[in-house]
Protein chains: 4
Amino acid sequence: MCPKITIEYEQERRCHILDAAAWCFARKGYQATTIDAVAMQAGLSKGAVYVYFSSKEALLLEVVEYQQTRIAEKLARVLPEKGAALEKLEAYAAAYFSMLGEGKAGECSDLKVAVQLWAELAKNEKTVAALQRDYSYWRTTLAGLIREGITQGEFAHHLDPDMTAMSLLAAIDGFIWQSLWLGEDFNWQAAHDALMALIRDGLVKRR
Amino acid sequence: MCPKITIEYEQERRCHILDAAAWCFARKGYQATTIDAVAMQAGLSKGAVYVYFSSKEALLLEVVEYQQTRIAEKLARVLPEKGAALEKLEAYAAAYFSMLGEGKAGECSDLKVAVQLWAELAKNEKTVAALQRDYSYWRTTLAGLIREGITQGEFAHHLDPDMTAMSLLAAIDGFIWQSLWLGEDFNWQAAHDALMALIRDGLVKRR
Amino acid sequence: MCPKITIEYEQERRCHILDAAAWCFARKGYQATTIDAVAMQAGLSKGAVYVYFSSKEALLLEVVEYQQTRIAEKLARVLPEKGAALEKLEAYAAAYFSMLGEGKAGECSDLKVAVQLWAELAKNEKTVAALQRDYSYWRTTLAGLIREGITQGEFAHHLDPDMTAMSLLAAIDGFIWQSLWLGEDFNWQAAHDALMALIRDGLVKRR
Amino acid sequence: MCPKITIEYEQERRCHILDAAAWCFARKGYQATTIDAVAMQAGLSKGAVYVYFSSKEALLLEVVEYQQTRIAEKLARVLPEKGAALEKLEAYAAAYFSMLGEGKAGECSDLKVAVQLWAELAKNEKTVAALQRDYSYWRTTLAGLIREGITQGEFAHHLDPDMTAMSLLAAIDGFIWQSLWLGEDFNWQAAHDALMALIRDGLVKRR
DNA sequence: GATGAATGAGGTTTCATTCAT
DNA sequence: GATGAATGAAACCTCATTCAT
């Protein structure tokens with residue numbers, strides 16, 4: 001009586017399409033990606049996409065969420081550590097930059113996918129909310145680390161933990177854009193080193 | 001016998017349309033902006049836009065150039081100074097952040113317009129080249145300042161001037177995005193302060 | 001699971017649209033025919049036309065090919081004969097003129113459709129090539145017949161078979177135009193008779 | 001009180017524009033020719049064309065009339081002769097074919113201009129009327145010649161003078177098309193010779 | 001008369017979405 | 001569930017025509 005497809009099967013299908021969509025969005029952007037292209041990339045027909053997603057916009061929303069979840073999971077695996085705040089921060093940064101640099105120069109890693117969609121997301125209430133939530137999560141996490149460092153006398157007490165965390169996130173986002181424009185000329189390792197050097201000790205020479 | 005319009009009038013018209021286009025692009029993005037919308041914003045008919053610009057893409061290219069020129073002009077007026085490298089850098093940053101924060105919270109300043117177009121520009125060879133040139137200019141300028149500071153013993157000699165300059169530019173670009181998403185919640189003054197504090201002395205407490 | 005349409009069905013659809021397009025082109029010409037008009041004539045929506053033909057020009061190309069094929073098929077059925085060259089030529093001509101005259105006076109037979117498109121085709125490299133091939137085929141066929149007649153002592157030996165063939169084809173094309181302009185006043189039977197009389201014996205009275 | 005431009009000047013202006021229009025129409029066809037192109041070819045502004053012609057269609061109509069007049073004038077100068085009907089006919093044909101072949105292979109002589117417009121003209125009541133009148137004139141003229149030849153016992157009496165005239169006109173029109181398609185490969189002299197040979201004695205060998 | 005900026009209707013083409021099979 | 005033919009709303013762009021100068 002019930003040839004109902006299992007939930008696992010459905011989930012698998014959805015993820016399959018989401019991967020295809022992410023791949024397309026990253027390469028062409030949201031607007032220039034056609035449902036046909038997503039279907040073809042997924043090896044399905046146009047109609048099949050609509051079985052799992054009600055509209056192109058819904059697909060975008062889920063792609064964003066899916067990417068955020070995957071990135072958070074990847075990082076979560078790396079970070080839980082003990083020790084000095086600076087060491088934790090460095091571990092975080094190392095993980096993050098390693099993720100960013102992992103694809104080949106021209107390739108589109110998960111994070112780059114996300115960036116390609118920002119302009120689109122900024123126009124949509126729902127996606128802006130999702131981005132705000134995501135940003136809020138990372139800001140809180142980083143700010144917590146910084147606050148911990150200040151409390152322990154490791155970091156300068158004049159720092160504003162929240163805005164400092166925002167500054168770090170901003171720098172990373174900016175690097176992602178730079179990597180998109182400069183292509184092969186962008187050196188993630190150098191970017192990582194320069195940012196960490198700056199963060200650790202600042203510009204001004206210590207006496 | 002000769003109602004041939006003056007070149008000044010034509011330039012004025014072009015700028016008028018460019019302003020309208022920038023306004024639309026900033027709000028809706030390039031793809032979602034229709035020529036009709038630009039024309040309406042400029043108080044003209046669709047056809048009139050095509051008298052001055054040969055295509056939608058040509059309009060985009062000129063908007064980008066126009067914005068870059070205006071921003072560069074604004075900054076050029078502020079910066080030529082003498083004194084310590086840090087002071088110069090601070091002057092630059094102050095000018096830049098002031099420009100960024102000047103529009104009302106929800107408004108679209110020139111820079112925000114530019115950011116809205118990044119995703120589009122990243123897909124177009126010509127615009128990528130324009131962006132690279134622009135980036136190159138700012139990187140060179142900032143890196144020069146940093147190098148000067150190092151030479152004069154003011155900045156730490158272990159810094160890589162170029163990549164450090166890139167980090168600063170990245171942070172600013174990242175802030176612009178944050179301001180788009182967070183809207184009124186984003187505080188440019190706080191961002192400015194936090195970034196400068198971070199840059200000056202870094203995270204690690206000085207003994 | 002598989003509503004994939006059969007190839008036969010697709011061919012039928014294509015022909016259906018080609019017929020509609022030929023009908024429109026014949027009446028209005030290529031330029032003045034809108035895709036909407038073709039779609040309406042075919043009882044479809046504008047979009048459906050683009051499912052089968054990639055552009056208006058592609059549609060034109062296929063219409064021409066389709067018409068040429070149909071005409072050639074019609075004639076091929078009539079002509080293979082034995083006997084005197086003049087008889088063969090007369091059979092050809094009879095078949096051709098009968099085709100030309102078959103539609104009602106105001107109607108557009110296949111050939112008239114083709115003529116309507118000539119001015120358009122003359123501007124397009126690909127279609128010019130197609131026309132040249134078509135012309136070449138008929139010239140070769142007719143010239144062969146004439147050469148045969150000369151060899152057998154039936155036709156005058158001072159004739160240039162190729163150019164004489166071209167003259168006959170020219171006369172027929174010219175008649176097609178005349179029929180378009182003169183409408184009901186044009187009498188295909190009379191045209192046929194006059195041309196054959198002229199061809200057979202020329203103007204000059206035989207002694 | 002009267003800076004009114006002389007009628008001569010106006011006529012000159014009109015002809016100047018008509019020449020420019022004919023040139024454009026011949027090269028691009030009516031539909032693909034823009035008023036701008038005509039104006040540019042005439043060295044005037046778009047608006048100036050509208051001073052002398054009320055619309056693009058009016059321009060077309062006058063171009064056709066202008067061409068017809070010029071062709072008729074050219075021929076009228078050549079033909080008034082005395083002598084045998086065949087000689088007169090040959091004189092006519094020689095003049096006509098010489099006109100047709102005069103431009104360089106790729107060039108557009110007056111007649112070719114006209115042909116380019118036929119498809120357009122066939123759709124317009126007024127122009128169809130003009131064409132019918134023109135055709136009627138030539139048919140009458142030629143038919144008169146043929147009738148004269150018959151009466152004088154020079155031409156075969158079984159010929160239908162009117163339809164025979166139509167056949168000759170048709171052949172010439174057909175040659176014009178052939179020359180458009182075949183370009184440099186078309187040989188007007190050979191066409192002339194072949195047609196005259198055919199007309200004179202027909203295909204069938206005389207004993 | 002002459003100019004050319006401005007208009008806006010209309011054409012081709014794309015593509016998200018629907019639905020019969 | 002899956003398919004892809006069909007739809008039709010828009011989008012970009014062209015160009016005949018008008019009209020203030």
Side-chain angles (χ1 to χ4, degrees), chain A residues 3-5 9-10 13 31-40 42-59, chain B residues 1-6 9-10 13 31-39 42-59, chain C residues 1-6 9-10 13 31-39 42-59, chain D residues 3-5 9-10 13 31-40 42-59:
Chain A
K4 196 171 60 175
I5 259 57
Y9 179 74
E10 187 183 324
R13 274 301 217 217
Q31 300 267 10
T33 295
T34 65
I35 294 286
D36 246 344
V38 173
M40 188 164 303
L44 293 167
S45 74
K46 207 172 356 192
V49 175
Y50 280 89
V51 172
Y52 297 98
F53 301 91
S54 63
S55 72
K56 195 184 174 188
E57 192 188 331
L59 193 52
Chain B
M1 193 188 270
C2 221
K4 170 78 175 176
I5 255 59
T6 61
Y9 179 75
E10 187 183 324
R13 267 330 217 194
Q31 301 266 12
T33 296
T34 68
I35 293 286
D36 250 340
V38 173
L44 294 166
S45 73
K46 200 178 353 197
V49 175
Y50 282 93
V51 171
Y52 296 97
F53 301 92
S54 61
S55 70
K56 196 184 173 188
E57 191 188 333
L59 193 53
Chain C
M1 194 191 268
C2 221
K4 169 79 176 175
I5 255 60
T6 62
Y9 179 75
E10 186 182 324
R13 267 328 216 196
Q31 300 266 11
T33 295
T34 66
I35 293 286
D36 249 341
V38 173
L44 293 166
S45 72
K46 203 173 355 193
V49 175
Y50 282 91
V51 171
Y52 296 97
F53 301 92
S54 61
S55 70
K56 196 184 173 188
E57 191 187 333
L59 192 53
Chain D
K4 197 171 60 175
I5 258 57
Y9 179 75
E10 186 183 325
R13 275 303 217 216
Q31 300 268 8
T33 295
T34 64
I35 294 285
D36 247 345
V38 173
M40 189 164 303
L44 293 167
S45 74
K46 208 174 351 191
V49 175
Y50 281 89
V51 171
Y52 296 97
F53 301 91
S54 63
S55 72
K56 195 183 173 187
E57 193 188 332
L59 194 52

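Within every chain, numbering begins at 1; the chains are lettered A, B, ... in the order of the sequence lines, protein sequences first and strands thereafter.
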| remark: Those residues at least two apart in sequence (or on a different chain) that pass salt bridge (Lys or Arg N to Asp or Glu O under 4.0 Å) with A:K56 are none
| What nucleotide, of F:dA2, E:dT7, F:dT7, holds the atom closest to the side chain of B:V51? | E:dT7
| F:dA2 phosphate, OP1 or OP2: any side-chain N/O from A:R13 under 4.0 angstrom? | yes
| task | List in chain and number order the residues that pass side chain to side chain contact (heavy atoms under 4.5 Å, CB included) with C:S55, two or more places apart in sequence or in another chain; answer none if no residue qualifies. | result | C:E57, C:A58
| Length of the OH-C1' vector between D:Y52 and E:dT3, whole Å | 13 Å
| message | Per the salt bridge (Lys or Arg N to Asp or Glu O under 4.0 Å) rule, what does the pair list look like for residues 43-52 of chain C, sequence neighbours excluded? | response | C:D36-C:K46
| Just by protein heavy atoms under 4.0 Å, how would nucleotides 12-19 of chain E read 5' to 3' in B, S and -? | SBBSSBB-
| task | May I ask you to evaluate whether B:Y9 reaches the phosphate of E:dG4, defined as a side-chain N or O under 4.0 Å from OP1 or OP2? | result | no
| For D:A39, all residues meeting side chain to side chain contact (heavy atoms under 4.5 Å, CB included), sequence neighbours excluded | D:V49
| query | For DNA chain F, what dot-bracket results from Watson-Crick or G-U pairs at under 3.5 Å, with [ ] for crossers and | for inter-strand partners? | reply | .||||||||||||||||||||
| field | Atom pair OH/CG of C:Y52 and C:L44 - distance to nearest 0.5 Å | value | 8.0 Å
| query | Roughly, in whole Å, what's the span from CZ in B:F53 to C1' in E:dA6? | reply | 15 Å
| remark: To the nearest 0.5 Å, atom CE of D:M40 lies from atom OG1 of D:T34 at 8.0 Å
